[in-house]
Chemist: 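Got a structure here, written out as structure tokens. Questions coming.
Counting starts at 1 for both ligands and their atoms, following the listed order.
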Amino acid sequence: MTELLRATILHTAANPFRTEGALAFHADGGLLIRDGRIAACGDFASVIEPGIPVTDLRGGYLLPGFIDTHLHFPQLRIIGGLGHQLLDWLELHALPEESRMADLPHAQRIARTFTRQLAAHGTTTALVFGAHFAPATAELFRAAADTGLRLLGGMVFADRLLRPELHQTPDSAYRDGTQLIRQFHGQGRLLYAVTPRFALANSEAMLEVCQTLVREHEGLRIQSHLNENPREIEAVARLFPWAGDYFAVYERYGLCGPRAVMAHNVHPLAGELARLAATKTSVAHCPGSNSALGSGVFPLRRHLDAGVHFALGTDVGGGIGFGMPKEALQAYLVQRVAPEGELLSAAHLLYLATLAGAESLGLDGLTGNFVPGKAADLVYLRPPADSALAASLELAESPERILAALMTQASADSVGQVRVDGQVIHEGGMNDAR
Ligand code: GUN
Ligand code: ZN
């Protein structure tokens with residue numbers, strides 16, 4: 001099956017923090033898809049081949065599908081719980097709602113909406129915290145498979161300090177984790193991620209179970225939280241007196257490395273940054289959540305200087321919603337006013353919402369931009385007629401200006417189509433802006 005999509009194309013061919021001119025732009029672009037893979041990407045005139053059907057999408061914009069490196073499936077309904085810091089917010093909003101995941105029909109309903117919302121916002125790949133319950137986590141994987149998403153996720157492990165109904169024992173976590181890995185890891189577009197909630201809620205026996213699972217199965221990912229909030233950091237220091245810092249707890253149990261993603265890292269020590277870089281552990285930067293929960297300002301420049309890789313996460317439901325352009329914009333806005341903030345360009349924002357995420361997940365050989373050979377994972381943005389975004393785009397001429405308009409204003413109502421492996425997983429209203 002070969003198809004040529006014709007539209008304006010934008011993607012990051014490289015990391016713009018390191019490479020000048022990383023933003024690739026084709027005003028009248030062609031994306032040639034063969035058997036779900038990108039066969040060519042360039043100016044339409046250079047890509048067209050005789051006899052190949054052309055899908056004319058002019059008037060809209062083809063971008064790589066967004067990649068969300070941190071969010072929580074059971075927290076769909078608690079987006080917007082403003083006014084609290086992390087530990088109080090967990091107590092008041094997150095944990096009571098997460099307890100409801102014991103109810104399977106509820107979990108099924110939330111899983112369906114959650115995965116559909118990811119697709120509806122143009123996200124094609126996501127690293128997701130499941131539920132504390134194995135059956136509910138299985139529903140997340142099933143819903144992702146039904147929706148067609150690339151989903152990496154896992155059952156959330158905890159054995160202390162939450163609520164009794166959310167705790168497992170290390171033995172039961174090992175059994176449930178093993179079963180879920182056997183059922184879903186490597187099936188279609190699904191991968192399993194070992195998911196200790198955070199050091200605070202996990203005994204050393206539980207962290208050891210995580211390490212065992214990672215050792216026993218090839219290709220698992222790892223996800224947790226790190227250095228989000230000062231009260232959390234103090235509590236972790238009290239619980240693990242032998243650990244020199246927060247990250248040392250995860251390192252002790254091998255929960256680091258190129259397949260590991262730690263969310264937040266708002267308050268790292270210099271030594272932690274050095275070791276995150278040395279172990280090639282990635283950070284999920286969640287600017288919406290960091291602001292909403294008052295966690296603080298992400299030290300972006302310190303991450304860059306230390307060579308720590310980071311990408312964006314929406315952190316639904318501590319965050320502000322599913323939209324990756326909105327999340328990227330939030331990163332820009334916070335950095336813009338932070339005392340030692342970076343001035344991010346639109347190309348940086350696109351990179352952080354796409355290719356950087358693929359790199360964090362070890363999937364950059366497969367997705368994240370339109371390099372030939374990769375999967376045709378894409379979002380087609382088509383702003384509604386009479387929208388402010390459509391008006392801004394009439395005037396925008398440079399690639400940076402077009403991309404800045406999209407990253408500032410594109411939300412779900414601008415998503416015309418979403419594909420994974422070239423297969424349509426979401427069709428929007430196909431707004432006619434012409
Ligand atoms: N740390 C432990 N659990 C959570 C959670 O659900 N959300 C956030 N933002 N941080 C956490
Ligand atoms: Zn989180």
Chemist: Is the shortest distance from a heavy atom of Phe129 to ligand 1 less than 4.0 Å?
Modeler: no
Chemist: Suppose we call two aromatic rings close when their centres sit under 6.0 Å apart. Are His70 and His225 close by that rule?
Modeler: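 Between His225 and His70, which both carry aromatic rings, the centre distance is below 6.0 Å.
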Chemist: State yes or no: are the ring centers of His121 and Phe322 separated by less than 6.0 Å?
Modeler: yes
Chemist: Is it the case that atom CZ in Arg77 sees more than 12 heavy atoms from other parts of the structure closer than 6.0 Å?
Modeler: yes
Chemist: Give the residue and atom name of whichever protein heavy atom lies nearest to atom 7 (N) of ligand 1, and the separation in Å to one decimal.
Modeler: Trp89 CZ3, 3.5 Å
Chemist: Going by an N to O cut-off under 4.0 Å, is there a salt bridge joining Arg275 and Asp245?
Modeler: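 Result for this pair is yes, salt bridge flagged.
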Chemist: Can you sort out which atoms of ligand 1 are near His72, meaning under 4.0 Å from one of its heavy atoms?
Modeler: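 Every atom of ligand 1 under 4.0 Å from some heavy atom of His72: 5 (C), 6 (O), 7 (N).
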Chemist: Short of 2.8 Å from the Zn ion (ligand 2), name each protein N/O/S atom, waters not counted.
Modeler: His70 NE2, His72 NE2, His225 NE2, Asp315 OD1
Chemist: Gln75 heavy atoms, cut-off 4.0 Å: which ligand 1 atoms fall inside?
Modeler: 5 (C), 6 (O)
Chemist: Does only the side chain of Leu200 get under 4.0 Å from ligand 1, or the backbone, or both, or neither? Count heavy atoms.
Modeler: neither
Chemist: May I ask you to identify, for Glu228, whether its side chain, its backbone, both or neither come under 4.0 Å of ligand 1 on a heavy-atom basis?
Modeler: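 Under 4.0 Å from ligand 1, Glu228 contributes side-chain atoms alone.
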Chemist: For Glu91, I'd like to know if atom CD has over 12 heavy atoms of other residues, nucleotides or ligands within 6.0 Å.
Modeler: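 Not more than 12 within 6.0 Å, no.
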Chemist: Which word best sums up how the rings of His72 and Phe129 line up, parallel for under 30°, tilted for 30 to 60°, or perpendicular for over 60°?
Modeler: tilted
Chemist: Are His217 and His185, when compared by the centres of their aromatic rings, separated by less than 6.0 Å?
Modeler: no
Chemist: Taking the inter-plane angle between the rings of His285 and Phe298 on a 0 to 90° scale, is it parallel (under 30°), tilted (30 to 60°) or perpendicular (over 60°)?
Modeler: parallel
Chemist: Would you call the rings of Phe184 and Phe141 parallel, tilted or perpendicular, where under 30° means parallel and over 60° means perpendicular?
Modeler: parallel
Chemist: Identify the closest protein heavy atom to atom 6 (O) of ligand 1: which residue and atom is it, and at what distance?
Modeler: Arg197 NH2, 2.6 Å
Chemist: Counting each atom of ligand 1 from 1 as listed, which ones have a heavy atom of Asp315 under 4.0 Å away?
Modeler: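 Those of ligand 1 that fall under 4.0 Å from Asp315 are 8 (C), 9 (N).
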Chemist: Which of the atoms in ligand 1, numbered in the order shown and given with their element, are less than 4.0 Å from a heavy-atom of Leu90?
Modeler: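 Within the 4.0 Å cut-off of Leu90, ligand 1 contributes 3 (N), 4 (C), 5 (C), 6 (O).
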Chemist: Atom CZ of residue position Arg182 - does it have more than 12 heavy atoms of other residues, nucleotides or ligands inside 6.0 Å?
Modeler: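 Incorrect, the count does not exceed 12.
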